[in-house]
Structures are given as structure tokens and as C-alpha cells.
Amino acid sequence: VPLARISIPSSLSNDKTVALADAVHLGLVRTCGVPMDDRFQLLTRYASDMMLLNPTYPNVNRSSEASVVEIMFLRGRTDAQKEALYQYIVDRAVEAEFRPDDILIALVENTHIDWSLGGGKSFSKQMEALPRSS
Amino acid sequence: VPLARISIPSSLSNDKTVALADAVHLGLVRTCGVPMDDRFQLLTRYASDMMLLNPTYPNVNRSSEASVVEIMFLRGRTDAQKEALYQYIVDRAVEAEFRPDDILIALVENTHIDWSLGGGKSFSKQMEALPRSS
Amino acid sequence: VPLARISIPSSLSNDKTVALADAVHLGLVRTCGVPMDDRFQLLTRYASDMMLLNPTYPNVNRSSEASVVEIMFLRGRTDAQKEALYQYIVDRAVEAEFRPDDILIALVENTHIDWSLGGGKSFSKQMEALPRSS
């Protein structure tokens with residue numbers, strides 16, 4: 001249960017928008033053990049005067065395509081997993097012609113009891129009711 | 001001091017939108033001890049290609065009306081209160097003709113010192129200055 | 001690395017919008033040790049029926065210009081710094097003709113490893129690679 005908020009400049013192309021969203025999800029799958037189907041993303045476009053991102057802090061070089069990825073997910077990922085997540089997302093974004101410094105990522109953590117994915121049950125209870133994955 | 005962000009599909013009717021916002025607030029009041037007047041909600045509509053919610057994870061059945069409720073509130077609610085909150089919100093939403101699996105909820109916690117509700121004072125100090133409620 | 005989300009009524013003037021964003025950033029610089037260049041802000045306008053803010057809780061007086069400032073930043077600021085931050089932001093906002101009760105602020109905390117500011121590196125690693133500031 002990650003929930004990703006992806007904030008992009010309104011000028012970003014549809015292809016790049018889709019590629020970034022895919023990169024974020026695949027990164028979670030490949031580095032953080034998130035199931036492929038566990039995808040929840042909210043994307044928002046911002047006019048340039050509503051998205052104020054310093055162009056160089058700290059020692060980077062952002063363009064007008066700089067985008068912000070916020071991920072809320074379950075506590076418990078290691079520092080190494082987070083490092084791998086950042087690198088994976090940026091590597092995939094670069095394949096879609098993003099500049100590597102145009103991806104800013106921030107993580108916030110909570111726990112199973114802080115999620116309900118449907119039916120008014122907590123994710124803790126939903127997990128108990130699931131068939132064991134093979 | 002909960003702050004709720006409610007993300008809805010742009011196709012959702014006004015009646016359902018209002019009903020969901022009311023359900024979220026009443027749930028906090030009835031299950032988590034939030035005062036009735038302590039209501040702070042931000043609602044955002046999303047085009048379907050900007051709101052990517054897997055239709056079945058984990059073993060649920062979401063429709064095009066699937067909505068996301070994020071609540072930031074004070075640490076200290078028990079697991080039982082959170083379970084009751086989820087069930088209350090979904091029960092009220094179902095009364096407004098939502099499908100039970102169309103409500104996804106995520107919680108994030110902070111503390112009194114992390115809020116200022118006006119006048120530049122922390123909520124900790126604002127509480128001290130309030131008349132005791134009867 | 002604060003990331004500020006500033007939610008304003010769609011009726012707010014451009015001048016006040018800019019003034020509030022500046023107030024938030026300067027507050028972080030002056031009270032929380034944030035570098036001047038470390039500015040990352042996302043601003044969103046809300047129609048009045050999508051921004052539900054109780055007008056008086058708790059014992060304040062909000063107008064139609066009431067705005068919400070959410071700041072995600074690094075854990076470690078003291079209670080005194082947070083109190084100073086709230087007062088600073090509101091004092092600057094009042095200079096721009098906001099009413100003091102129209103600024104609601106909420107903080108959420110994470111750590112260095114929860115940020116990547118570019119290039120796919122964690123902020124922890126980016127900091128190591130930076131020249132020492134004088």
C-alpha cells in the first residue's frame with residue numbers, strides 16, 4: 001500500500017507523465033517488495049507559478065520539467081531499499097528522457113493499521129483474510 | 001485537528017461528494033473523539049487518467065467512483081478506534097450509494113506541537129488558552 | 001528539505017499568494033535553519049466548496065481567505081523552533097494583509113534517508129558529496 005502523489009509541470013508531455021508514473025510504481029515493485037497490483041497514484045499538473053522548485057539546491061540542475069514524487073508507504077523499508085528505490089525511479093525516468101536531477105522524491109511512513117483499502121476493514125484485517133500468496 | 005484530503009474522480013456527483021466529506025468528518029467525531037467543529041477538509045477532483053487506482057488489490061472490487069481519503073491527525077488513536085473509523089466512514093458512504101470497496105483511507109499522524117490553527121500560536125498553546133469544555 | 005503544500009482559496013489575490021509562499025519559506029529559513037535556496041513549494045487553488053474549513057475552531061475567526069500550509073520536513077526541530085516558525089509565518093502574512101487567524105499550519109516529519117533531491121541519490125548521500133558550507 002504505497003500511495004504516490006506525483007506533481008508535474010503542466011507543460012510535461014503525456015508520454016513523460018505516464019513514464020514517470022510507471023517508473024515510480026516499478027521502482028516500488030522491484031526494490032521495496034510492493035506487489036505489482038498494489039498501485040495507487042494521484043497525479044496533479046501545476047502551472048509554473050504554482051510549483052516553486054529551487055533550480056540548483058543542493059548542487060543539482062533542475063529544468064522546467066522538474067517533478068515531485070511523494071510516496072506514503074509502510075514503515076520497515078531499509079535505507080538500502082530506499083537508496084535503490086531512488087536510483088531505480090530515476091534510471092527509468094532517464095530512459096524516458098527526463099534529466100536525472102528533475103526527479104525529487106520524498107517518503108512518509110505509516111503502518112498497516114493506518115490503511116483501509118476497501119470495505120471499511122483495516123489493511124491489517126484485509127491481509128488476514130487474503131489467501132496466502134504462493 | 002484532523003486535516004482530511006479527499007481525492008475524488010471528476011465524474012463523482014456533487015451529492016456523493018458532499019456525502020463522502022460528511023462521512024469522513026462524522027466518522028472522526030463518532031470514533032476518534034474529534035469535536036464537531038474541528039473540521040478541515042480539502043477536496044480535489046481528478047480526471048481518470050490522473051487517478052490511477054488498481055481495480056482489485058487486495059481482493060476488492062473498485063469502480064470508477066473509487067475515492068481516496070487521507071487524514072492527518074494527532075497520534076494516540078488506538079487500533080480499535082482506527083478500525084471503527086474505517087467502518088463508520090464506509091457505512092455512511094454506502095448509505096449515500098457508494099460501493100464499500102470504493103473508499104480507500106490512509107492515516108498519517110503527528111502531535112499537538114505540529115499544528116497551528118490560527119494567530120501564529122501552536123495548537124498546544126491554543127489548547128491552554130481555551131475555556132475548559134463542559 | 002522542506003516540501004510545503006500551500007492550499008489557498010481561488011479568490012486569493014496573486015500578491016497575497018506570493019506573500020504567503022514567501023512568508024512560509026522565510027519562516028523556515030529564519031527559525032528552522034533551512035538554507036535560503038532549499039525552497040520547494042506546491043501551491044493549489046481551491047473553489048470554496050472544495051475547501052471546508054470551520055470558521056471558528058478553536059476559538060479563532062477565519063475569513064474567506066483562510067489558507068492551509070502543510071510542511072513536510074526533517075525531524076529534529078524543537079518545540080520552540082516550531083512555535084517560532086508559526087509566529088514568523090503569521091507575522092509576515094499579516095504584513096501582507098492576511099488576518100492572523102487565516103493561516104493554518106500542519107507539520108509532518110521524516111528523515112534524510114526519506115529524501116532524494118536529484119540524480120537518484122538519497123539526501124544523506126547528497127549531503128556527503130557537498131562541499132562543506134562555510
Side-chain angles (χ1 to χ4, degrees), chain A residues 1-8 10 12 14-15 17-18 20-26 28-29 34-46 70-75 106-133, chain B residues 5-9 23-24 27 31 42 44-63 66-73 75 77-94 98-110:
Chain A
V1 287
L3 175 65
R5 286 193 170 273
I6 302 178
S7 301
I8 55 174
S10 51
L12 196 69
N14 279 335
D15 282 358
T17 301
V18 170
L20 178 57
D22 287 349
V24 169
H25 187 61
L26 272 178
L28 288 162
V29 170
V34 168
M36 184 63 84
D37 284 347
D38 186 1
R39 180 170 180 166
F40 301 99
Q41 300 183 313
L42 299 170
L43 284 72
T44 305
R45 295 185 179 280
Y46 285 83
E70 296 163 84
I71 301 170
M72 183 192 303
F73 68 177
L74 296 174
R75 196 163 292 130
L107 309 177
V108 174
E109 299 176 324
N110 61 8
T111 65
H112 282 88
I113 192 65
D114 296 318
W115 293 87
S116 172
L117 298 193
K121 305 299 174 204
S122 72
F123 190 50
S124 314
K125 294 222 167 143
Q126 286 170 313
M127 294 286 283
E128 289 167 19
L130 278 184
R132 285 289 187 87
S133 55
Chain B
R5 286 193 170 271
I6 302 177
S7 301
I8 55 174
V24 169
T31 68
L42 298 170
T44 305
R45 296 185 180 280
Y46 285 83
S48 58
D49 62 335
M50 301 295 268
M51 188 178 203
L52 306 178
L53 305 178
N54 179 280
T56 58
Y57 185 85
N59 208 22
V60 300
N61 195 345
R62 293 186 185 87
S63 79
S67 298
V68 177
V69 176
E70 296 163 85
I71 302 171
M72 184 191 301
F73 68 177
R75 196 163 291 130
R77 272 70 185 219
T78 63
D79 287 5
Q81 282 180 302
K82 293 177 183 178
E83 301 272 8
L85 174 65
Y86 302 143
Q87 195 65 60
Y88 188 97
I89 292 173
V90 170
D91 286 350
R92 290 298 81 69
V94 165
F98 277 93
R99 299 172 66 259
D101 285 345
D102 279 343
I103 312 298
L104 186 155
I105 306 166
L107 309 177
V108 174
E109 300 177 324
N110 61 9

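The shown structure was predicted, so the numbers you read here are calculated from the model rather than taken from an experiment. In what follows, chains carry the letters A, B, and so on, assigned in the order in which the sequence lines appear, proteins first and then strands, with residues in each chain numbered from 1.
The structure places CG of Asp37(A) at 11.0 Å from CG of Asn59(B), a figure rounded to the nearest 0.5 Å. Of the inter-residue distances, the one linking Gln126(A) atom CD with Tyr57(B) atom OH reads 9.0 Å to the nearest 0.5 angstrom. If you take CZ on Arg77(B) and CD1 on Ile113(A), they are separated by 14.0 Å, rounding to the nearest 0.5 Å. Atoms NZ and CD, on Lys121(A) and Gln87(B) in that order, are 4.0 Å from each other to the nearest 0.5 Å.
Considering Ile105(B), Leu107(B), Leu104(B) as possible partners of Trp115(A), the one that fulfils the side-chain contact (heavy atoms from CB on, under 4.5 Å) test is Leu104(B).
When heavy atoms are compared at a cutoff of 4.5 Å, Thr44(A) approaches chain B by way of both its backbone and its side chain. For Asn110(A), the part sitting under 4.5 Å from any heavy atom of chain B is the side chain, from C-beta outward, and nothing else. In this structure, no portion of Ala4(A) lies under 4.5 Å from any heavy atom of chain B. Looking at Leu3(A), only its side chain comes within 4.5 Å of chain B, counting heavy atoms on both sides.
Judged by distance alone, the side chain of Tyr86(B) and the main-chain N or O of Gly118(A) form no donor-acceptor pair under 3.5 Å. Side chain of Asp101(B) to backbone of Gly119(A): a donor-acceptor contact under 3.5 angstrom is found.
The side-chain contact (heavy atoms from CB on, under 4.5 Å) search around Ser7(A) returns Tyr46(A), Met51(A), Val68(A), Glu70(A), Arg5(C), Leu42(C), not counting sequence neighbours.
For the pair Ile103(B) and Ser116(A), the minimum side-chain heavy-atom distance is 4.5 Å or more. Put simply, the side chain of Arg62(B) reaches to within 4.5 Å of the side chain of Leu117(A), judged on heavy atoms.
Annotation: maximal heavy-atom pairing with chain A below 4.5 Å, among Leu52(B), Asp91(B), Ile89(B), Asp49(B), occurs at Leu52(B). Contact count versus chain A (heavy atoms, under 4.5 Å) is highest, among Asn54(B), Asp102(B), Val108(B), Val90(B), for Asn54(B). Chosen from Leu53(B), Val60(B), Val69(B), the residue pairing most often with chain A at heavy-atom distances under 4.5 Å is Leu53(B).
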